[in-house]
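Worksheet: one structure, shown below.
Proteins come first, then strands; the chains are lettered A, B, ... in the order of their sequence lines, and each starts at number 1. The analysis underlying the following values was restricted to heavy atoms, covering all of them including side chains, and did not include hydrogens, waters or symmetry mates.
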Amino acid sequence: MGKKDKQEEIFDAFCLENTVYFTRVPESYKNREIYKPLNEKALKAFIPGIIREMQVKVGDIVQKGDQLMILDAMKMNNVVRTLFSGKIIAVNVKEGDMVKKNQIIVEFE
Amino acid sequence: MQIRLILLPESSLTKNEKKLIMSLKQKSLDLKNRMREALSGGGSKAIEKQKAVGKLTARERIIAILDAKSFHEYDLFVEHAARDFDMDKKYLAGDGVITGTGTVFGHPVCIYAQDFTVAGGSLGYAHAKKITKVMDQAMKMKVPLIGINDSGGARIQEGVNSLAGYGEIFYRNTQASGVIPQISVILGPCAGGAVYSPALTDFVFVVDKISKMFITGPEVIKTVLGEDISMEDLGGARIHAEKTGNAHFYAESEQECFDQIKQLCTYIPWNNLKKADRFPKKPPRTRQYKIDDVMPSDPRQPYDVRDIIKSFADDSEFFEIQKLWAANIVIGFSRLDGQTIGIVGNQPLVLAGVLDVDSSDKAARFIRYCDAFNIPLLTLVDLPGYLPGVDQEHAGVIRHGAKILYAYSEATVPKLTVIMRKAYGGGYIAMCSHHLRADFVFAWPMAEIAVMGPEGAANIIFRNEIKKAADPDKVRQEKMEEYKQKFANPYVAAAYGYVDAVIEPAETRKMLMHALDISSSKSVDVVFKKHGVPPF
């Protein structure tokens, strides 16, 4: 690649420690997942699977560590416990439903 | 193969002699028939199917890689001994794998190729035994092993015996690691446990639309996780070359792949006790690649580090490895003075050349390869440091970054370093500094060797002055300039002896060739240990 070809390319501006560098920034970096702190109002499925047994309903008040449901995944019956205490305002899944990883299954007040 | 008979006039032969000649002829014919059957693989229909998807047959592949007429096949008549599920009634030619020896550019190699036309190249006990036998041979004779993978996976009918087969292969891959070069060529499916043999070897070659590698296939993923993905997007050649880093070489066709394998063979030694072949020394094509043209005057502007390599390497050649993955670091082979060298270079063209999880991983493994096989290392430094970010920290940049430190510190081959521009902070230490026992560290006059970039440093050191100033921006600028003048150069490091010589870029080739020459009998006393515990 000669000098000429280089001038034709438009580079991304990439800032590190207060210095801007002109460089190629790969799509994988641009599209990386931006970190979000844990939302204490929504419990997500930690593994994909099928809901086998629902043990709570809307309006229930639960304590951190309480059992909410059984999630059948990876040939195991996984007990789903709540990470948060509080009143359940929505249960987004029912028995027999297939859930994806990180799908919001229970919402708290 | 022929048995030659001296024919006498029939009338002069006794009855017994006539009988003997007949039986010899018959035996020769019998061998021919047996060979014909075994060489027919899975039969014309299966071969047609293989060709229809653009694949060569296993035997054609071996012949394409090896020197003409050099292939010698063994274990052609090996048959499986499975009894269950009607397997006793099934004849599988060569049990679905071809093994043998041959030469590449006149040097002997051991080779095997799974034959997809025979029971989908599935791995049963006899199949695995053929592979492990040729692996043992490669280890005994200290010659490289080339494995061509094209298999549907374990032969389910053989149950735990096929698992045993895989295990025996993995064990040998590990034992052979660092002793003989191991090359894996993925020319078809390579799924489930089978992927771990290539993963344990030194170099993995993939071909677009032909190679497929994954632990669990799209079907399982769909049933278990509900995620819908094609085989190509899950574990196609491009994915492994670009995203996972499992593949080292990517080709558009099988022929291109074979050419890459042969080219690689010119750079590597045949075992860990040898050195790579020395080639006639050739000057770089400096009219095309001139350091002064490549290097921009503004240190924030990018350039392609590969053009720098080409400006001093023999014949301006650079054989790049893992070109598409973690492109912010460049690794590959070149020659200086006719000798193979392994080059690790920060790539300012991509992400300003930062170190991150993937680039650390990529460089570290290559450094260990070069060290295991007596290939001198050249490190070209121009990086602003490590990539900041939650994703990097959470992906374990500490653990992965440590691999580079470990690999460089452990390496005892000649280690040459050229600091071209920026060498800041942890990145300076990691990129084969004297502190990690580089043998020679050269710096160009525009090098900036410092604890961090001038902008960042000025903000920290002169924080109070800047805060108190009537015009903070002006003071910041002044302080930055002051810092730049004082520290953003190679002379502070040179004053401590951390840089051996500050050289003109145009002198690089001469200095490196001399350094290589001086290092040719380098020996380092290594503390006895079984092995280290690297952060791998």
request  = Output the distance between atom OG1 (B/Thr244) and atom CZ (B/Phe214), rounded to the nearest 0.5 Å.
outcome  =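 Taking OG1 in B/Thr244 and CZ in B/Phe214, the distance rounds to 13.0 Å.
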ask   = If you measure from OH on B/Tyr250 to CD on B/Glu242, what distance do you get to the nearest 0.5 Å?
value =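 The OH atom of B/Tyr250 sits 8.5 Å away from the CD atom of B/Glu242.
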message = Less than 3.5 Å apart, any donor N or O on the side chain of B/Gln347 or B/Asp304 sitting next to an acceptor on the other?
response =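 Yes, side-chain donor-acceptor contact under 3.5 Å.
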ask   = For residues B/Arg476 and B/Asn459, is any side-chain donor paired with an opposing acceptor at under 3.5 Å?
value =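 Side-chain D/A pair, B/Arg476 to B/Asn459: present.
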request  = May I ask you to name which of B/Gly456, B/Pro384, B/Gly453 has the most heavy-atom pairs under 4.5 Å with chain A?
outcome  =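 Between B/Gly456, B/Pro384, B/Gly453, the count favours B/Pro384.
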inquiry  = Taking every non-hydrogen pair under 4.5 Å, which of B/Arg306, B/Gln301, B/Lys290 racks up the most with chain A?
reply    =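 Of the options given, most contacts go to B/Gln301.
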request  = Flag this pair as yes if the NZ/CZ of B/Lys479 is under 6.0 angstrom from the six-membered ring centre of B/Phe462 and inside a 45 degree cone about the axis; otherwise no.
outcome  =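 B/Lys479 over B/Phe462 ring: yes.
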Proximal component of B/Pro348, with respect to chain A [non-hydrogen, under 4.5 Å] =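 Contact with chain A: backbone only.
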Contacting moiety of B/Val350, where chain A heavy atoms sit under 4.5 Å =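 When you check distances to chain A, atoms from both the backbone and side chain of B/Val350 fall under 4.5 Å.
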task = Quick one: which of A/Thr23, A/Ile34, A/Leu16, A/Ile47 has the most heavy-atom pairs under 4.5 Å with chain B, could you say?
result =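 Sorted descending by pairs with chain B, the first entry is A/Thr23.
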